[in-house]
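Shown next, in C-alpha cells, is the structure this report addresses.
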Amino acid sequence: MDGTTYLADYTPYPFNIDKVSLRFRLAPHATRVQAHIAMTPLSPGAALRLDGEQLRLISAAIDGVALTPSDYLITPSGMTVHPAALPEAPFTLETEVEIAPEGNTALEGLYMSNGMYCTQCEAEGFRKITYYPDRPDVMAPFRVRIEGDLPVLLSNGNPVASGPGWAEWDDPWPKPTYLFALVAGDLVAHSGSFTTASGREVALNIYVRPGDEDHCAFALGALQRSMKWDEEAYGREYDLDIFNIVAVDDFNMGAMENKGLNIFNSKLVLASPETATDTDYERIEAVIAHEYFHNWTGNRITCRDWFQLCLKEGLTVFRDQSFTADMRLGPVKRIEDVIALRARQFREDQGPLAHPPRPDHYREINNFYTATVYEKGAEVVGMLRTLVGDEGYRKALDLYFERHDGQACTIEDWIKVFEDSSGRDLGQFKRWYTDAGTPRLRVTDDYADDTYTLTFEQQTPPTPGQPHKTPRHMPIAVGLLSPNGNEVVPTTVLEMTEARQSFTFTGLSTRPVPSILRNFSAPAVLERATSAAEQAFLLAHDTDPFNRWEAARSLARQTLMDMTKGAPPAAEYLDAIGRLLADDTADPAFRALILRLPGEDEIAQALHASGTTPDPEAIHTARGALMTTLAQRHEVALSATYESMAVPGAYTPDAAPAGCRSLRLAALALLSQIDGARRAEALFASADNMTESLGALSNLITAGKAEGALAQFRSRWKDVRLVMDKWFLVQASLCPPQTAAERVTTLATDPAFEWKNPNRFRSLLGGFSANHAGFHRADGAGYRFYADWLIRLDPLNPQTAARMSTAFETWPRYDKTRQALVRTELERIAATDGLSRDLSEMTARLLG
Ligand code: 0A1
Ligand code: ZN
C-alpha cells in the first residue's frame, strides 16, 4: 500500500546526534522554536534527512553559515540537506521555525488546553515542533530554554536556571524525541518527595489547574508506592532529582511517560471520594505506576523502531499488572485483566483488525497502540516468566538492564536475554510476537490403568495476511482434583510445542477432574466438552482461584448462549450462585466477579466462535431474563448480601472496602430487576461517594426510572468535567437499546457535549458503542449516528477518530443485513474528502 512503512526496510540513521539545545518563545499563534543540533556524520556522503510537518522555516544554518535554498529541499513531510552542503566532520545545524499551538486540535506536537501549553510527541509528534530525525533509535541529551509569560514552565530532566518569564531544563539522559515534553501554564503543584534506596532525594510534583490541588493526594501516594515497588521487585531506582506529573483536560490517550515530566489525562490523576469511583482509583494507581515504570522499560531502554512498540508496552503493562496484584488482591486482579483481555484483545484478534504484537508494516503508527500490542504483549511476557520461573525471570531482567541500558532495542534482543540467561531455545516461542490470532486449544482426556492422559490440539484461525499458522510454544498450567474435591496433582506447567500432544499422569486410583490453563497461563481459547456438573464442581473445589472463577464464567456464558436459543437457565448455574452467595469465606471482590454476568459483547463473541450468528436483541433479552431469574431465586441471600456489604465509616479507596462495595453493587444490579429499583433509589439519595452514587444511577437507568436522578446529578456536577463525562457515559451505555440511537442523538445536542474534548467524545460515542443492542440496532440508526460523528471529528482529531472506529471491528460476526449496513457506513467514511491517513487506514483494514 502507498505510504506503508515496513519492518524489513529498517536502516540506521547515518548521523549521531551529540547534543540538542532548544529555545521556545511561546505565543499561541506564533511560537518560535530555535534548535541547535550538534551532530557527527557516520556515513560519508549521506544526505541529512529531517522530519518536519506544519512548520514555517524562518532560517537554517550550519556552523553559523546560513544555508541557501539550493542547499536543501522542503516537502510537507520534512527537510533534506544535500550532502554537498554538509561538512564531513562534526557540525552544528541551527534552525528556527514558527508553529501555531493554538490551532492544533489534533493534540499532537505542541498544543493548548485551557490556556496551558503542553506537548504529546509519541509516536511522531515532535516533527510538528521542529526539524529533526523523529525516530526512536536517535537518542540525544537535551537542553531546553522556555520563554513565556506564564508562572510554570517545565521540560524534561532537572531544572538548571529560571527567572521571570523564562526557565531552563537539562536532561542528561540521552532520549529519543518521542519522550520530549514541555508544559507552560498557570498551574499549582501538589508536592512530596521520595528517598531512593541509595539515598537520593527526589522532589515529586503533581501540577494541576488552581482548584484541583486537593484532588492529587492519591496520585502522589501511588507514585511513591510505584517508586518503592520498582526498587524492590526489579532493583530499579529513579535517576533524576525531580519527577513531575502534569494533568491536562485535553489528551488523546491515558498518559505519557516523557522523561521526568509525565503528562496525564486529568481523569487519571484527579480523585476525591465524591467524584471518583473505586474503579477510577484503581486505574489511577495503575497508570501512575505504568508511566513511572516506563522510566526503565521504555526510556532507559527504548525501541529501535515503532514495530518494536510491544517491547516497551507489553513489558510495562506486565509490570503494572504485577504491581497492582501486589498492592491489591492478586487473584482478583488477574481475573479483571483476563476479562479485559478477552473483551478487547480477543475481540480484536477475531476480526479484520487482527495483527501480531509485533506487526511488520503500518501506514499510521498511531493506529497500533492496541490491545494486542499492550495487553497481549503483557501476556507474552507473563508466559516467558512461567517458562523460566520467577528466579529465571529476575535473572533475565537483570541481564536485560545490564546489557541494554541506554540502547534502542528489538524483540530479538529481548528474547536473546531470556535465551542467554536460561540456556533455553525460544525460537518457536517467538511466534507469539510475530503471529496474529488467538490459538484454540482443544482438549480431550482418557483414563485407564491408573493413568490419566490429556491430549491437546492447538489451532490458530487465519488472520489478515497470515492464512496459515504453525504451532506455538505454549505453557499450559494444569492441576488434577480427585472426585472428592482434593487436589491430587498440584499445578504443573506442561509445555506444548506440537500441533497435537499428549501428557500422562500416572498412579491415579480414580479418574481425576482436570483444572486446565490455571491462572490463564496462555492467552488461548480452551475448547473442552464438559458438563455443567463438572464446572460446578470446579467452582466449588478448585484450588486455583482463576479457574474457580473461570468455571462460573463458562457456566454463565453457556447458559446465556443457550437462553438466546430459547432454553431455560441451567439449574447447575443457579444453584452454584446460591452456594457462592452463602460462602462467607470467599473474598467479597471475588464473589462480586462471579456474580456479574458476562457482557453482551462477550456473549456475541462466544456465539460467533461457536458458529452461531449472534442476535443482539436476543442476547440483551436473555441477559436481562437471567438476571431476573437469579434475583427471584436468591432474593433473600442477595438482600442480606446487599445489607451486610454496606461499608461503615468514611470512604477509603482501599481494596477491602472497594471489594465490599463491588459485591454490594453486583447484588443491587440483580435486586433492581425485581424490587422496582427501590433500593437503587434509596442508595442514590443517600450515597456519599461516587462509586455508590453512579452504581445506583446506573441501575435506575436500566430500570427506566432515572430521569429525576439524572437531572439532579447534572445540576450537582455541571461544573466538574470528569463527572459530567460519567453523566454522558452511563446514559449512552445503559439506556434501553430500542431507543438508544435517539437518546444519544439528543445528548449530542446538549450544550455540555463539548465534542472536541476527547474524554467527552469518548464518553458519549464509546458509551454508545458499549450499548451492544443499541449500537447494533437492526435498522442501522446506531451505525449511522456513529459514522456521522467519526466523519465530523476526523478533520480536527484524526487520532481519536481512528481509535473510535474500532467499534466497527466486530461487523463480520453479525447477520447479512447488519453487515451490509456497516459496510455502507464504512464506505461512506472511506469516501469522505480529505480523510486523514489515520482513519483511511482504519476503514481500509475494517473493510478487509
Ligand atoms: N506511551 C503511552 C501511551 C501513549 C501513546 C501514544 C500517545 O499519543 C499518540 C499518547 C500516549 C503509554 O503507554 O502510556
Ligand atoms: Zn505504556
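In listed order, ligands and their atoms are each counted from 1. For clarity, every value in this text was computed on a predicted model and none was experimentally measured.
No close placement of the Phe418 and Tyr400 rings is indicated, their centers lying 6.0 Å or farther apart.
For the pair OE1 of Glu313 and NE2 of His294, the angle at the Zn ion (ligand 2) is about 100°; rounding is to 10 degrees.
Using a 4.0 Å cut-off to heavy atoms of Gln799, the atoms of ligand 1 that qualify are 8 (O), 9 (C). Those atoms of ligand 1 that come under 4.0 Å of a heavy atom in His290, given as number and element, are 12 (C), 13 (O), 14 (O). Counting the atoms of ligand 1 from 1 in the order shown, those under 4.0 Å from a heavy atom of Lys312 are 1 (N). The contact set between ligand 1 and Ala255, taken as ligand atoms under 4.0 Å from a residue heavy atom, comprises 2 (C), 3 (C), 4 (C), 11 (C), 12 (C), 14 (O). Close approach of ligand 1 to Met256 is summarised as follows: ligand atoms under 4.0 Å from at least one heavy atom of the residue are 1 (N), 2 (C), 11 (C).
Atom 6 (C) of ligand 1 has as its closest protein heavy atom Met253 CE, 3.7 Å. In this structure, atom 7 (C) of ligand 1 lies nearest to the protein heavy atom Gln120 NE2, 3.3 Å. The nearest protein atom to atom 3 (C) of ligand 1, hydrogens excluded, is given as Tyr374 OH, 3.3 Å; this is a heavy-atom distance. Shortest contact from atom 8 (O) of ligand 1 to any protein heavy atom: Glu122 O, 2.9 Å.
Checked against a 3.5 angstrom limit, the closest N/O atoms of Ala123 and ligand 1 fall outside it. The N/O atoms of Asn366, backbone and side chain alike, include none that comes under 3.5 Å of an N/O atom in ligand 1.
For the residue pair Trp173 and Asn299, no side-chain donor N or O sits within less than 3.5 Å of a side-chain acceptor on the partner.
Using a cut-off of 4.0 Å between Lys/Arg side-chain N and Asp/Glu carboxylate O, Glu809 and Arg845 are scored as not salt-bridged. Looking at Lys259 and Asp239, a side-chain N of the basic residue comes within less than 4.0 Å of a carboxylate O on the acidic one, giving a salt bridge.
The nearest non-hydrogen atom to atom 14 (O) of ligand 1, considering only Glu108, Glu313, Glu257, Glu291, comes from Glu291.
The side-chain contact (heavy atoms from CB on, under 4.5 Å) test with Asp280 is passed by exactly one of Glu285, Lys726, Lys267: Lys726.
Not a single donor-acceptor pair under 3.5 Å links the side chain of Asp137 to the backbone N or O of Ala408.
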